[in-house]
Asker: 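First, the structure itself, so that you have it in front of you.
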Amino acid sequence: MTQTGPIVHPTLHAERPVEPLLKVSGLSVAYGRIRAVDGVDLAVEPGRIVSLVGSNGAGKTTTLMALSGLLPLAAGKVEFAGEDITGLAPELRVGRGIAHVPERRRVFAGMSVRENLVLGAYSRGDAIEIAGDIERLTALFPILGKRMHQAAGTLSGGEQQMLAIARGLMSRPQLLIMDEPTMGLAPQMIDLILDTVLEIRKLGTTVLLVEQNAVEAIRLSDHVYIMRLGRIVHEDGGANIDPERVKAFYMGVDA
Amino acid sequence: MTALLEARQVVVRFGGLEAVGGLDMAVARGAIHGLIGPNGAGKTTVLNVLTGFIRPTAGRLVFDGEEIGGLNVNGFARRGLARTFQNIRLFGAMTVLESVLVGAHQRFSSSAPALIFGGRAARAAERAMIARAHELLTFVGLGREVVDRVATTLSYGHQRRVEIARALMSSPKLLLLDEPLAGMNALEKQEIADLVRQVRAQGIAVLLIEHDMQIVRSLCDHLTVLEYGKRLADGAPEKVLSDPAVQAAYLGRTR
Amino acid sequence: MDYFGQLLANGLVLGAIYALTAVAFTLVYGVVRLVNFAFGELFMLGAFLTTSLMLPEVRLLGTVVPMPGFPLPIAALGAIVVTGIIGVVVDRIAYRPLRNAPRLAPLITSIAVSVVLQSLAQTIWGAEELRFPQFYLATLEPVVLFDSIYLSVMDLVVMATAIVAMLGLSLFIARSSLGRAMRASAEDQTAAMLVGIPVNRVVAAAFAIGSGFAALAGLLYAQTYGFAHSSMGFLPGLKALTAAVLGGIGSVPGAALGGLILGLVEALGAGYLPNGTAWKDAISFVLLVGLLYLRPQGLLGRPELNSAGRGSLLGGASSAGVGWLQAVFARFDALLTRGAAAGTPAAFGLLAVAVVVGLMVPSDYWLRILTMVVIYGMLASGLNVIVGFAGLLDLGFVAFWAVGSYLTSILFVLVLKDGYGIAPQEVWWLLYLNLPLAGLLAAGFAVLLGTPTLKLRGDYLAIMTLGFGEIVRVVAINWMDLTNGPMGIRGIPAPNLFGISLGSPRAQFFFALALAVVVVFAVARLVRSYVGRAWVAIREDEEAAEAMGVPTARYKLYAYAASGFVGGFVGVFYAHSQQYISPLNFSLFENILLLMLVVLGGLGTFIGPFVGALIWIAFLQLALDLPFVQAYPETRFALLGVVLIVLMVFRPQGLAASARVGLTMPGARAKEAA
């Protein structure tokens with residue numbers, strides 16, 4: 001019953017438009033008087049990688065935090081798997097099938113890698129299968145297998161990121177939200193993490209990605225939203241987005 | 001002519017993590033100097049080093065010909081380095097005028113008895129600083145009507161201006177702005193950029209962190225680009241921003 | 001060896017009890033970063049509940065109520081469960097609404113909760129000790145170790161229980177799912193929520209377990225010393241907090257270690273130091289103060305816990321509450337805002353009202369009460385400088401007050417009258433000299449005590465100043481030669497001017513009023529200058545203040561000095577007005593009361609301390625007319641505590657918060673209108 005999504009499952013790649021897994025309409029978030037996110041509409045279809053790109057301060061992280069219930073909405077509606085989850089407490093959204101891998105990883109630094117993974121499955125009641133899932137995830141991230149009893153805080157940045165992703169996957173989510181998974185990582189590690197995103201999709205989990213590394217994000221996404229000043233300014237299929245246009249947003253040249 | 005502020009081989013380590021690795025940078029007198037780089041590159045850490053908030057693990061700081069590395073934060077301010085904060089930090093419960101007057105703290109010297117028994121000099125100093133505060137509030141574009149409002153109840157844009165006025169109250173030689181344009185619309189950004197130019201016109205050098213490259217390009221005389229806590233590029237904006245390495249740092253490398 | 005061995009055994013028993021209570025502090029602090037001062041009272045409830053359940057009948061609220069007379073284990077279990085539930089309820093009502101409030105709010109609320117629980121217990125069980133009943137295990141012959149160390153069977157049971165409970169808890173935290181969730185919430189509440197941990201429920205669990213541990217410690221203490229009493233939780237609570245800080249607050253093994261060390265040090269200190277039993281309470285607090293100075297994170301703690309976070313009580317105040325109440329406040333606020341804007345004229349108006357009242361009130365009784373209002377208002381104004389303006393929660397303020405009172409009393413009574421036989425009226429002028437002198441002495445004392453606290457913020461600052469206050473009290477009790485000890489000093493002369501006695505209640509009222517004018521004027525002048533702006537800036541955002549060139553350490557000391565000056569100054573008059581002082585007048589409770597008055601009236605305002613004092617003392621007197629309060633005077637304190645908790649939840653900025661204080665010199669802006 002708590003089994004919300006298959007963790008190892010070949011995906012059925014959706015060719016035709018289907019009912020979106022996550023549907024966000026008119027989402028607005030205010031910090032005091034400042035509207036950080038202003039009327040954002042998003043749709044994430046199952047089995048896809050959707051990314052949200054834009055320069056710093058565009059409101060990407062704020063959007064994600066609102067999606068997981070960490071920030072109150074000033075306006076708007078969030079629907080997941082056909083149900084309205086707008087007012088749902090953050091800890092209950094995990095049980096519905098949304099896992100959020102937060103910005104700066106936020107692993108439980110004082111606890112072992114294994115404990116972090118077990119905590120990832122907190123919303124599930126099936127103690128027996130948890131061990132199996134940990135094994136499967138160490139296949140995806142072999143390095144975690146070697147560090148199982150080490151405190152998470154002693155891992156390198158890239159390893160912590162893998163742990164954060166693995167911890168998110170432990171809840172068997174239908175949708176994995178990832179916030180800047182490559183921030184501050186070395187180039188080889190960035191490549192590794194981004195490859196993992198594709199891997200996760202292959203395993204049947206839908207991904208909503210916020211990434212500053214726009215070129216890569218566009219390359220691996222099925223659909224891309226570009227944000228600026230709290231609004232969606234452009235959206236298109238990943239293949240149709242002209243990197244030059246994004247460059248214009250980032251580097252401040254009028255293209 | 002020597003630089004106003006010089007950082008030599010500055011290293012900052014947090015535990016085992018090297019946040020800044022051997023940074024050299026120099027801010028020229030009367031310059032608008034941009035400090036840019038992708039998220040997590042260590043920009044705010046550097047700004048915190050340059051204002052005394054973080055004591056570097058190694059390296060030297062020379063300001064106006066004087067070694068300032070060993071001073072505490074108020075010592076930096078007293079030497080002429082004034083700053084604003086990424087998330088505006090005005091004093092809650094204080095009016096605009098009162099907040100701005102805190103910036104002039106070092107200019108007051110009356111003793112407690114003089115204050116209690118109403119010394120003439122104490123009153124004159126207060127009057128002079130209030131007049132100066134009014135001048136600076138006008139300078140940053142705030143009208144008389146906001147002077148007695150509690151600063152934190154103003155709009156975001158106005159709060160940012162109050163923060164700049166507060167920093168200017170100490171008559172600094174260098175103004176350090178941490179993302180002064182974050183969360184503003186295009187018009188407000190231009191206004192603040194103009195304000196920065198006017199500050200420079202008064203002979204005050206400005207160091208700023210900013211992500212909007214369009215503004216950076218037009219506003220700054222000189223850029224330092226950080227990546228992984230190290231200097232990636234340094235020089236005139238056009239040259240630096242067209243550097244492929246800088247573009248890759250922002251947009252990601254294409255494989 | 002045998003003496004040492006016996007002390008060691010006593011220390012271990014005491015240490016076990018401290019350790020169990022320390023666990024409560026540490027567990028809750030770890031998860032919600034709250035120093036729940038009320039654990040001392042939950043400790044006391046555990047003792048009372050166990051004792052009551054074991055007896056055949058107990059006198060509750062004056063009526064004899066039949067009780068089940070359970071054996072110890074069952075009674076203990078019942079008490080632990082009930083106390084655990086009380087802990088959860090307290091969290092739900094008093095702390096949870098404040099989870100995102102500024103740090104001072106829950107801290108002050110927890111102090112209020114303590115006051116409520118203690119007064120309620122005294123109301124229910126009475127002011128007498130409730131004797132712990134005899135039972136089988138306690139009648140067994142003591143075990144003799146090495147031919148000379150006597151350990152009762154119950155001592156062994158206490159130690160064994162503590163060990164089992166600690167190990168059980170450690171295991172629970174390390175292995176169970178809830179324990180893991182607790183550790184995760186302690187590390188990062190947001191990340192915990194994101195993995196699906198219901199953080200509120202985890203916090204409730206921490207309160208339940210912590211309260212259960214406090215109750216267990218309390219009942220073991222009651223068993224060891226043979227009684228339960230409403231104030232029994234106070235000192236052990238503070239010491240357990242010391243133990244928790246000593247071990248490193250947030251760490252369970254640290255709490256065990258800290259408790260053990262504290263128990264041993266206290267037992268050995270009492271045994272070996274000259275007059276050790278009298279000074280044993282001071283030992284713990286000296287240890288606490290020294291530790292916070294040298295290693296604030298404790299022995300096993302992590303350093304980052306000493307953070308205040310930004311924002312004062314006044315910032316981010318919630319405006320929750322029912323509609324009509326909000327409307328009442330809105331009207332009240334508008335009135336105050338207008339009054340505060342009028343500034344000096346409003347102050348003169350209030351003074352005129354006070355003078356008229358002083359002239360008109362016919363009864364000496366009410367004049368005495370009004371004099372107390374003014375004295376408490378002045379003292380609260382002094383405390384307000386440090387807490388309200390500079391934002392430093394000082395629980396040792398009474399020490400400054402005590403310095404002033406003792407200085408003048410010692411000079412007049414012990415030195416001049418008893419020492420040289422000089423009659424007070426011959427040296428009447430000394431009082432007027434003592435006022436500023438005591439102020440300066442107390443200010444110097446305040447700077448001395450303030451200096452080691454500069455590195456500390458928030459909770460740790462409160463704990464350290466509390467330690468100082470307690471040390472001063474213990475010194476006042478035990479330094480017989482200087483202070484006359486617990487007997488206090490009698491025969492302090494009433495104020496006198498040119499040989500004319502100002503002892504009449506009306507004269508005293510006007511004397512107090514004149515001093516109040518001086519105090520408010522001086523404080524106002526300081527606050528309405530760059531000094532006050534620096535204080536408020538420190539209160540609102542210390543780092544930003546420092547970045548604006550404010551030497552924050554020095555200005556904190558100025559705040560201590562100003563606050564100390566007022567305390568010493570008023571203390572002089574207090575002694576002459578009461579004509580008798582003893583260490584009891586300067587207890588932590590008085591400090592808490594003053595703090596409540598400032599918070600009630602409005603931190604960081606000039607009128608707030610007087611509003612608080614007026615409401616409180618009027619309330620004390622009026623409540624005496626209520627039949628229920630006549631029967632149970634303690635309920636007045638409980639009511640004050642409840643009022644304060646309600647206020648913290650619905651109006652944390654205090655009643656008179658809208659009487660906002662301007663921070664610029666009044667005259668300096670006169671010209672700008674032109």
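Residue numbers begin at 1 in each chain, while the letters A, B, ... track the order of the sequences.
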Asker: Enumerate by number any residue of residues 114-121 of chain B whose heavy atoms lie under 4.5 Å from heavy atoms of chain C; in the absence of such residues, state 'none'.
Answerer: B:L115, B:I116, B:F117, B:G118

Asker: C:F389: what forms a ring-ring contact (aromatic ring centres under 6.0 Å, His included) with it, not counting sequence neighbours?
Answerer: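 So C:F389 forms a ring-ring contact (aromatic ring centres under 6.0 Å, His included) with C:F606.
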
Asker: Which is it for C:F400 and C:V566 under the side chain to side chain contact (heavy atoms under 4.5 Å, CB included) test, yes or no, and what are the steps along the way?
Answerer: CA-CA 8 Å; C:F400 314 142; C:V566 174; over 6 Å; no

Asker: Which of residues 46-77 of chain B have a heavy atom under 4.5 Å from any heavy atom of chain C?
Answerer: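 Against chain C, the residues of residues 46-77 of chain B that fall inside the cut-off (heavy atoms, under 4.5 Å) are B:F53, B:N72, B:V73, B:N74, B:A77.
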
Asker: Taking C:G662, C:A544, C:A545, C:G532 one by one, which has the highest count of heavy-atom pairs under 4.5 Å against chain B?
Answerer: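 The option with the most such pairs is C:A544.
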
Asker: How would you list, by chain and number, every residue that makes a ring-ring contact (aromatic ring centres under 6.0 Å, His included) with C:F445, sequence neighbours excluded?
Answerer: none

Asker: More than 12 foreign heavy atoms under 6.0 Å from CZ of C:F348: is that the case here?
Answerer: no

Asker: Looking only at heavy atoms and a cut-off of under 4.5 Å, which of C:A537, C:A534, C:A522 has the most pairs with chain B?
Answerer: C:A537

Asker: Is the ring pair C:F569/C:F565 parallel, tilted or perpendicular, if the boundaries are 30 and 60 degrees?
Answerer: parallel

Asker: Would B:E163 and B:R160 pass as an ion pair if we require N to O under 4.0 Å?
Answerer: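 Salt bridge present between B:E163 and B:R160.
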
Asker: Pick whichever of C:S529, C:P551, C:A562 has the most heavy-atom pairs under 4.5 Å with chain B.
Answerer: C:P551

Asker: B:L208 and side chain to side chain contact (heavy atoms under 4.5 Å, CB included): which partner among B:L176, B:L35, B:L181, B:V196?
Answerer: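 The single option meeting the side chain to side chain contact (heavy atoms under 4.5 Å, CB included) with B:L208 is B:V196.
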
Asker: Could you go through the salt bridge (charged side-chain N to carboxylate O under 4.0 Å, His left out) check for C:R528 and B:E126 one step at a time?
Answerer: CA-CA 10 Å; C:R528 305 195 65 177; B:E126 182 93 348; over 6 Å; no

